[in-house]
There are 2 protein chains.
Amino acid sequence: MDDLTEMLKGTLEGCVLEIIGSEETYGYAITRRLNELGFADVVEGTVYTILLRLEKKGLVQVTKRPSGLGPPRKFYALNDAGRQELATFWAKWEYITSRLGKLKEGGR
Amino acid sequence: MDDLTEMLKGTLEGCVLEIIGSEETYGYAITRRLNELGFADVVEGTVYTILLRLEKKGLVQVTKRPSGLGPPRKFYALNDAGRQELATFWAKWEYITSRLGKLKEGGR
DNA sequence: AGCGGTACTCGGTATTACCGAGTACTTGGA
DNA sequence: TCCAAGTACTCGGTAATACCGAGTACCGCT
């Protein structure tokens, strides 16, 4: 699938939230996970900027832990605000997909 | 539904393509149509920038016609390139929704 | 010692939707 | 007659976001 970057704007952050929400994890692993999910072109730099943003917005709790193979990892977990944000993300997503579906079916 | 603007990035242009594809129409009417479809906050300025962009990319054919109530209208219709672009837009959209769905269902 | 894989940071760029103000044309009421 | 309101388009600037690229650093293996 060719360039999806414009269409991912606004949704990628939600994807990261969802991944973090399902288990405490760290940047590098999140990138791999997104890649294997089909978001093949998402690159580490992008994920880290999202992570930094989430931290700045106060949606995640960060814990640094030694890695064993490489530098220490920053593990991310959702806090209450993060879970709230994730819920509204899915609500928005549902809303948009329903509208797009309507449009596509020629909803007039 | 509160602020959807970030999530609309990349999809709004596709919506406009779809609307133009279903019938030859003009900016003001497209805005009204988007609003009634549920994209309530989309504003004229936004639609016109998209329209200008589509024209610049050579995806539409433009015809100016007098209006009867107000200044002349610029009617837009898809050309072959535009129909092609619309098809790939929907393909990308399907792709992303399927990935998001998978992610949401805890696809692991 | 050096290479490859793991792991994070940071400055800059492009694209996109939004905002706001402006222009202009028409009809209808004060 | 003039002004308000609805129709219709233009344009310069802003904010948010994903991407890019280069850099730093740590580890185990050969």
Side-chain angles (χ1 to χ4, degrees), chain A residues 1-17 24-35 39-57 59-60 62-76 85 89 92 96 99, chain B residues 1-17 24-35 39-57 59-60 62-76 85 89 92 96 99:
Chain A
M1 181 60 51
D2 45 277
D3 194 26
L4 301 174
T5 92
E6 290 311 326
M7 212 177 276
L8 284 179
K9 293 210 172 156
T11 70
L12 204 49
E13 181 177 314
C15 294
V16 172
L17 277 174
E24 190 187 41
T25 180
Y26 56 98
Y28 191 79
I30 292 170
T31 309
R32 295 292 148 264
R33 179 112 168 76
L34 285 169
N35 294 149
F39 302 108
D41 299 334
V42 174
V43 111
E44 287 163 43
T46 302
V47 174
Y48 289 116
T49 55
I50 292 174
L51 257 12
L52 267 285
R53 196 159 67 228
L54 293 180
E55 196 175 347
K56 200 172 297 176
K57 289 193 203 164
L59 303 174
V60 290
V62 188
T63 316
K64 203 167 208 170
R65 299 216 187 88
S67 149
L69 39 69
R73 297 165 173 163
K74 285 174 73 177
F75 280 82
Y76 293 83
E85 180 72 14
F89 164 74
K92 286 188 193 179
I96 288 188
R99 298 303 128 169
Chain B
M1 180 62 52
D2 46 277
D3 194 25
L4 300 173
T5 94
E6 289 312 326
M7 214 178 273
L8 284 179
K9 295 217 169 149
T11 69
L12 204 49
E13 182 177 314
C15 294
V16 171
L17 277 174
E24 191 187 41
T25 182
Y26 56 98
Y28 191 79
I30 293 170
T31 309
R32 293 293 148 264
R33 179 111 169 75
L34 284 169
N35 293 152
F39 302 109
D41 298 335
V42 174
V43 110
E44 288 162 45
T46 302
V47 174
Y48 290 115
T49 57
I50 292 174
L51 257 10
L52 267 285
R53 196 158 68 229
L54 293 179
E55 195 175 348
K56 200 172 295 175
K57 289 193 202 165
L59 303 174
V60 290
V62 189
T63 317
K64 204 167 207 167
R65 299 216 186 90
S67 152
L69 39 67
R73 296 165 173 165
K74 286 175 72 177
F75 280 82
Y76 293 83
E85 180 71 15
F89 164 73
K92 285 188 194 180
I96 288 188
R99 297 305 127 169

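First the proteins, then the strands, lettered A, B, ... as listed; each starts at 1.
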For A:Gly45 and A:Lys57, take the nucleotide of DNA chain D holding the closest heavy atom to each; which residue's nucleotide lies nearer the 5' end? A:Lys57
In terms of the nearest nucleotide of DNA chain D, which residue is placed more toward the 5' end: A:Pro72 or A:Glu6? A:Glu6
Quick one: [X] [atom1] to [N] [atom2], roughly how many Å, whole number?
X	N	atom1	atom2	value
B:Asp41	D:dA16	CG	P	16 Å
A:Met7	C:dT16	CE	C1'	13 Å
A:Leu34	D:dT17	CG	P	16 Å
B:Asp3	C:dT16	CG	C1'	13 Å
A:Glu44	C:dT9	CD	P	12 Å
B:Arg33	D:dT7	CZ	C1'	19 Å
A:Leu12	D:dA18	CG	C1'	7 Å
A:Leu51	C:dC10	CG	P	13 Å

For B:Lys64, is the NZ atom crowded, meaning more than 12 foreign heavy atoms sit under 6.0 Å from it? no
What is the nucleic acid contact for B:Glu13, judged by heavy atoms within less than 4.0 Å: base, sugar-phosphate only, or nothing? sugar-phosphate
Does [X] place a side-chain N or O at less than 4.0 Å from the phosphate oxygens OP1/OP2 of [N]?
X	N	value
A:Tyr28	C:dC8	no
B:Tyr48	D:dT10	no
A:Lys9	C:dA14	no
B:Arg53	C:dT16	yes

As a test of reading the structure: which of C:dC19, C:dC8, D:dA8 is closest to the side chain of A:Tyr26, going by heavy atoms?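 Taking heavy atoms from C-beta onward, the closest nucleotide is C:dC8.
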Which sits closer to the 5' end of DNA chain C, B:Thr46 or A:Lys74, going by the nucleotide each is nearest to? A:Lys74
Below 4.5 Å, heavy atoms only, C-beta onward: do [X] and [Y] meet side chain to side chain?
X	Y	result
B:Tyr26	B:Lys74	no
A:Val62	A:Leu51	no
A:Asp41	A:Leu4	no

Regarding A:Arg53 and A:Glu13, does a basic nitrogen lie under 4.0 Å from an acidic carboxylate oxygen?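 Yes, charged N to carboxylate O under 4.0 Å.
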